[in-house]
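A short write-up of the structure that comes next.
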Amino acid sequence: MSLQDGGSPTPHDDGRPPAGSPAEEGPATPAGPTAGAAGGAGTPAGRAASEVASGAGSGSGPASAPARRGRPRSEAVEQAIFDAAAGLLDEGVPLADLSVERIARTAGVGKATIYRRWAGKEELFVDLVRSVEPPDPVLPGTSVRDDLVALLESLRQRGLAKRSSAVLHHVFSQMQGYPKLWDAYHHTVIEPRRRIGLDAVRRGMERGEIRADLDVEFVNDLLTGPLLLRTVIRPGATLEPGLAERVVDAVMEGLRPRA
């Protein structure tokens, strides 16, 4: 059963490497002068293979690695993995058909290299998306209006990135049909961002800038709704500069406490 159908990954594709398997004890890099042959020296896969191979011979192997999982030990290797996944998506490989083994082979690393960083391919793709999306905003804290404008401007920028990035287009166009990935993205990305918005609304109520008789989630939906409409339901709608300010100012007219 495929992951798209809600099934579990097979051991061959996305299950953890079997214990004691020689192929999974370390990165699958060729030995000797042919190291890096999986990708040219100037390619991300080739650089990743060379770096992993040199690290294995310099005492930086598993014995000296941090005990906790998911801590990248090399930005170059991580970028090569991201490049490999993005390249396969560009080639038209469906998300549900992309296995950790195939991504590792394309990047020129072993599956163990990926599993040291991510529990599975869903977590890998969430980080891939986050690496392409604009970073989450830093709220100025000068007023609730300024915080809400910063939040909506970040949402506008992500909408623009989704239109211009092939990676985001490929992932988001398939994510709804891939429940396991959607759940991972929703839990680690969407919900934390939503909590930031809810906290900003609560601060507005506490400071007397927003009516306290309204439901916090309802107010947050009023603010984010116009941006989500233009980025999800009407992807061809304009996302012009100044949109965040206009939305906040219009909505705040009805949110201010009554005299």
Side-chain angles (χ1 to χ4, degrees), residues 4 6 95 122-123 125-259:
Q4 191 168 9
L95 272 173
E122 290 79 23
E123 290 78 8
F125 277 116
V126 167
D127 277 357
L128 172 61
V129 168
R130 299 192 74 171
S131 74
V132 179
E133 286 186 325
D136 290 341
V138 176
L139 304 188
T142 49
S143 69
V144 171
R145 178 194 179 274
D146 292 345
D147 287 350
L148 293 174
V149 167
L151 285 168
L152 294 197
E153 176 61 18
S154 174
L155 186 55
R156 186 184 78 89
Q157 292 293 338
R158 289 200 299 274
L160 292 172
K162 184 178 176 182
R163 296 178 181 182
S164 61
S165 166
V167 170
L168 295 181
H169 173 75
H170 289 314
V171 174
F172 283 113
S173 65
Q174 302 178 58
M175 192 181 287
Q176 293 287 356
Y178 189 174
K180 194 171 181 180
L181 177 57
W182 171 250
D183 288 345
Y185 183 76
H186 191 272
H187 177 71
T188 60
V189 179
I190 294 180
E191 276 305 314
R193 286 173 179 166
R194 182 171 175 78
R195 284 196 294 271
I196 294 174
L198 294 174
D199 289 344
V201 172
R202 289 191 186 95
R203 285 195 300 275
M205 292 180 173
E206 292 168 358
R207 297 175 182 177
E209 297 179 57
I210 296 177
R211 287 167 47 190
D213 62 317
L214 297 173
D215 178 74
V216 173
E217 294 203 5
F218 172 71
V219 172
N220 189 63
D221 290 345
L222 285 176
L223 291 160
T224 58
L227 274 297
L228 293 175
L229 177 72
R230 294 191 181 204
T231 57
V232 179
I233 300 177
R234 295 177 54 209
T238 59
L239 289 169
E240 69 276 9
L243 179 61
E245 290 87 344
R246 294 210 324 271
V247 170
V248 171
D249 289 340
V251 175
M252 287 292 289
E253 283 295 320
L255 297 180
R256 290 193 179 93
R258 296 164 181 162

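Below, each value reflects all heavy atoms present in this structure, side chains not excepted, and no hydrogens, waters or symmetry copies. These numbers come from a predicted model, not from an experiment.
Put simply, CG on L222 and CG on D215 are 10.0 Å apart, with the number rounded to the nearest 0.5 Å. The distance from atom CG of L181 to atom CD of E123, rounded to the nearest 0.5 Å, is 9.0 Å. Separation of atoms CG (D146) and CD (E245) is listed at 9.5 Å; rounding is to 0.5 Å.
Using a 4.5 Å cut-off on side-chain heavy atoms (C-beta onward), I233 and L228 make no contact. Here the side chains of L223 and V219 are in contact, with some heavy-atom distance below 4.5 Å. Using a 4.5 Å cut-off on side-chain heavy atoms (C-beta onward), L255 and R211 make no contact. Between R145 and D249 the shortest side-chain heavy-atom distance falls below 4.5 Å. Taking the side chain as every heavy atom from C-beta outward, F172 and V232 never approach each other to under 4.5 Å. Residues I210 and M252 are in side-chain contact: their nearest non-hydrogen atoms beyond the backbone lie under 4.5 Å apart. Considering only heavy atoms from C-beta on, R194 comes within 4.5 Å of E217 through its side chain. When side chains are defined from C-beta on, L227 counts as touching L239, because their heavy atoms get closer than 4.5 Å.
Other residues, nucleotides and ligands contribute over 12 non-hydrogen atoms within 6.0 Å of the NE2 atom of H186.
Pairing each heavy atom of T231 with each of G159, the nearest pair is CG2-CA, 3.6 Å. Here the shortest heavy-atom pairing between Q174 and H170 reads NE2-O, 3.2 Å. Smallest separation of non-hydrogen atoms from V189 and R130: CG2-CD, 3.5 Å. Annotation for P137 and S154: closest pair CD-OG, 3.3 Å, computed over non-hydrogen atoms. Minimum heavy-atom separation, L151 to G197: CD1-CA, 3.7 Å. Considering all non-hydrogen atoms of both residues, D147 and T142 come closest at OD1-N, 4.4 Å.
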Under the criterion side chain to side chain contact (heavy atoms under 4.5 Å, CB included), I'd like the reasoning laid out for L139 against R203: C-alpha separation, chi angles, the key distance, then a yes or no.
CA-CA 12 Å; L139 304 188; R203 285 195 300 275; 3.6 Å; yes
Show your reasoning for whether side chain to side chain contact (heavy atoms under 4.5 Å, CB included) applies to I190 and W182.
CA-CA 10 Å; I190 294 180; W182 171 250; 3.5 Å; yes
Can you check salt bridge (Lys or Arg N to Asp or Glu O under 4.0 Å) on R202 and D199, steps first, answer last?
CA-CA 5 Å; R202 289 191 186 95; D199 289 344; 3.1 Å; yes
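Residues in residues 155-169 take part in these salt bridge (charged side-chain N to carboxylate O under 4.0 Å, His left out) pairs, two or more places apart or across chains: E153-R156. Every pair passing salt bridge (charged side-chain N to carboxylate O under 4.0 Å, His left out) that includes a residue from residues 223-235 is listed here, sequence neighbours excluded: R230-E240.
Results of the side chain to side chain contact (heavy atoms under 4.5 Å, CB included) test with S165 over V171, L160, V132 single out V132 as the only residue that passes.
E122 contributes no side-chain N or O that, together with a main-chain N or O of A184, makes up a donor-acceptor pair within less than 3.5 Å.
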